[in-house]
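One structure is given below, encoded as structure tokens.
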Amino acid sequence: MMRLSRLRVSFALVCASFLSSAPFAAGDEIPLADRKSGSQFMSRQTQDIENDDTSNPAMLWVLDGEALWNKPTGADNKACSSCHQDAATTMRGVAARYPAFDEKSSKVVNLEQRINLCRTDRQKASPLAYESRDLLALTAYLARQSKGMPIEAKDDSRIKPFRAEGEKLYSERLGQLNLSCAQCHTDNWGQKLGGSLLPQAHPTAYPLYRLEWQTVGSLQRRLRNCMIGVRAEPYAYGDQELVNLELYLMWRARGMPMEAPGVRP
Amino acid sequence: MARALVNVPAKAKRGEIIEIKALISHPMESGFRVGTNGKIIQRDIVQTFTCTYNGEEVFKARYSPAIAANPFISFSTRATDSGEIVLTWRGDNGFEAVETKQITVE
């Protein structure tokens with residue numbers, strides 16, 4: 001309890017310092033050339049963990065994902081590879097263009113939801129739970145196939161309303177602390193929040209291994225974390241609001257190279 | 001068996017110092033945390049790591065509950081002869097994982 005109240009005080013102090021030293025006027029997006037991936041805010045040591053495949057613990061999930069990709073499942077006894085063959089060629093660049101529009105539901109879906117749609121519609125298998133080891137493993141395996149590729153800026157008129165919703169949520173004040181995503185990640189990136197550096201919130205490396213979590217987690221887990229941080233009630237996993245926010249963040253990071261699966265402190 | 005990522009150079013010159021890197025999937029549950037039911041979560045850690053080179057032990061480590069999940073280890077040894085490098089992790093609840101790599105020394 002004592003720790004909590006101390007946190008609240010430091011949070012209030014940080015918020016106060018925001019008002020005096022914002023590098024940008026509120027509402028201005030970060031110029032494209034000034035964008036930095038979260039990995040550029042990390043220590044050299046953490047960067048080294050991410051860049052070496054033997055030390056990057058998320059690679060354990062990638063290996064699990066590769067095994068799942070080739071493992072037949074469901075009523076039709078089909079593996080992902082039965083239709084999509086070798087992921088290294090067929091899945092190259094896919095993660096860099098998700099979330100994407102799904103014709104059938106007329107909604108934007110993220111990569112996890114696409115995997116589960118494939119499972120239920122094509123493999124006749126049960127959907128995997130959000131943040132389950134198997135779903136994270138498959139997502140990490142797919143994301144890995146796009147490593148180094150630029151995040152695609154989709155010019156699809158059907159996704160625009162979803163992106164607009166995401167943008168609105170990004171700049172909307174939330175929770176008891178009454179903070180929006182933009183106030184930290186657009187207006188005050190590079191400054192400290194408590195002891196940590198505020199990154200620009202570009203989702204270039206998801207799903208990623210967070211040392212704090214001691215495991216791999218999805219972008220939605222991270223978004224829910226931030227919402228709990230500002231004392232708001234987080235949206236549930238898979239809620240359209242979170243997918244819209246993912247879509248907006250990917251658009252905000254358009255052109256930046258994918259580095260999934262990443263490592264973050 | 002637990003998934004592991006091991007990096008041993010496939011080739012080395014005789015007398016060269018080589019680096020061996022290994023990462024293993026393990027929860028490393030410390031035994032000090034309390035679960036949602038208010039009870040202590042039982043300890044589940046890797047206790048020992050050993051590396052043998054053609055049957056001879058060249059490196060050994062004892063792990064403690066303070067080590068993070070999915071422990072990574074890196075160490076070096078001298079390449080003497082071609083042969084087998086065997087990495088073994090042993091831990092609580094009968095945990096055992098073995099990885100074998102071949103090395104050619106010229």
Side-chain angles (χ1 to χ4, degrees), chain A residues 1 3-4 42-71 87 129 131-141 143-144 147 205 207-218 221 228 260-265, chain B residues 1-12 18-36 41-46 49 51 59 61 63-77 85-87 89 91-92 95 97-103:
Chain A
M1 206 55 226
R3 213 173 139 235
L4 232 156
M42 311 193 296
S43 68
R44 260 292 304 281
Q45 289 85 345
T46 317
Q47 288 175 359
D48 286 349
I49 300 178
E50 171 172 304
N51 294 334
D52 180 350
D53 279 353
T54 318
S55 68
N56 183 341
M59 288 308 290
L60 297 166
W61 275 254
V62 171
L63 290 178
D64 280 348
E66 187 178 16
L68 286 168
W69 180 264
N70 295 307
K71 187 179 147 206
E131 302 309 296
S132 63
R133 174 118 191 166
D134 283 2
L135 186 55
L136 289 169
L138 272 170
T139 321
Y141 178 60
R144 166 79 183 174
K147 189 162 185 167
L208 54 75
Y209 192 94
R210 236 186 134 198
L211 301 177
E212 184 192 314
W213 294 336
Q214 303 259 301
T215 183
V216 167
S218 69
R221 177 169 180 185
I228 293 165
V263 174
R264 294 289 181 271
Chain B
M1 199 165 95
R3 200 170 278 286
L5 263 167
V6 176
N7 193 335
V8 175
K11 273 187 187 165
I18 53 164
E19 191 187 18
I20 297 173
K21 296 187 277 188
L23 175 73
I24 190 158
S25 176
H26 196 283
M28 292 297 283
E29 185 59 59
S30 68
F32 296 111
R33 297 197 309 155
V34 177
T36 43
I41 306 170
Q42 252 211 322
R43 194 185 83 168
D44 180 14
I45 65 166
V46 171
F49 168 80
C51 172
F59 185 86
Y63 284 21
S64 72
I67 291 173
N70 308 308
F72 171 75
I73 196 159
S74 137
F75 56 95
S76 46
T77 185
I85 291 183
V86 182
L87 311 177
W89 292 261
D92 294 334
F95 178 83
V98 183
E99 288 284 325
T100 307
K101 294 279 169 185
Q102 301 295 329
I103 183 167

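We name chains A, B, ... by the order of the sequence lines, and we start the count at 1 in each one.
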Not counting sequence neighbours, which residues clear ring-ring contact (aromatic ring centres under 6.0 Å, His included) with F75(B)? List them please. F49(B), F59(B)
Is it the side chain or the backbone of I24(B) that comes within 4.5 Å of chain A heavy atoms, both, or neither? backbone
Enumerate, by atom name, each donor-acceptor pair separated by under 3.5 Å where one atom lies in chain A and the other in chain B.
{"residue": "D52(A)", "atom": "OD2", "partner": "K21(B)", "partner atom": "NZ", "Å": "2.6"}
{"residue": "T54(A)", "atom": "OG1", "partner": "N7(B)", "partner atom": "ND2", "Å": "3.2"}
{"residue": "D64(A)", "atom": "OD1", "partner": "R3(B)", "partner atom": "NE", "Å": "2.4"}
{"residue": "D64(A)", "atom": "OD1", "partner": "R3(B)", "partner atom": "NH2", "Å": "3.4"}
{"residue": "Y209(A)", "atom": "OH", "partner": "N70(B)", "partner atom": "ND2", "Å": "2.8"}
{"residue": "Q214(A)", "atom": "OE1", "partner": "A69(B)", "partner atom": "N", "Å": "2.8"}

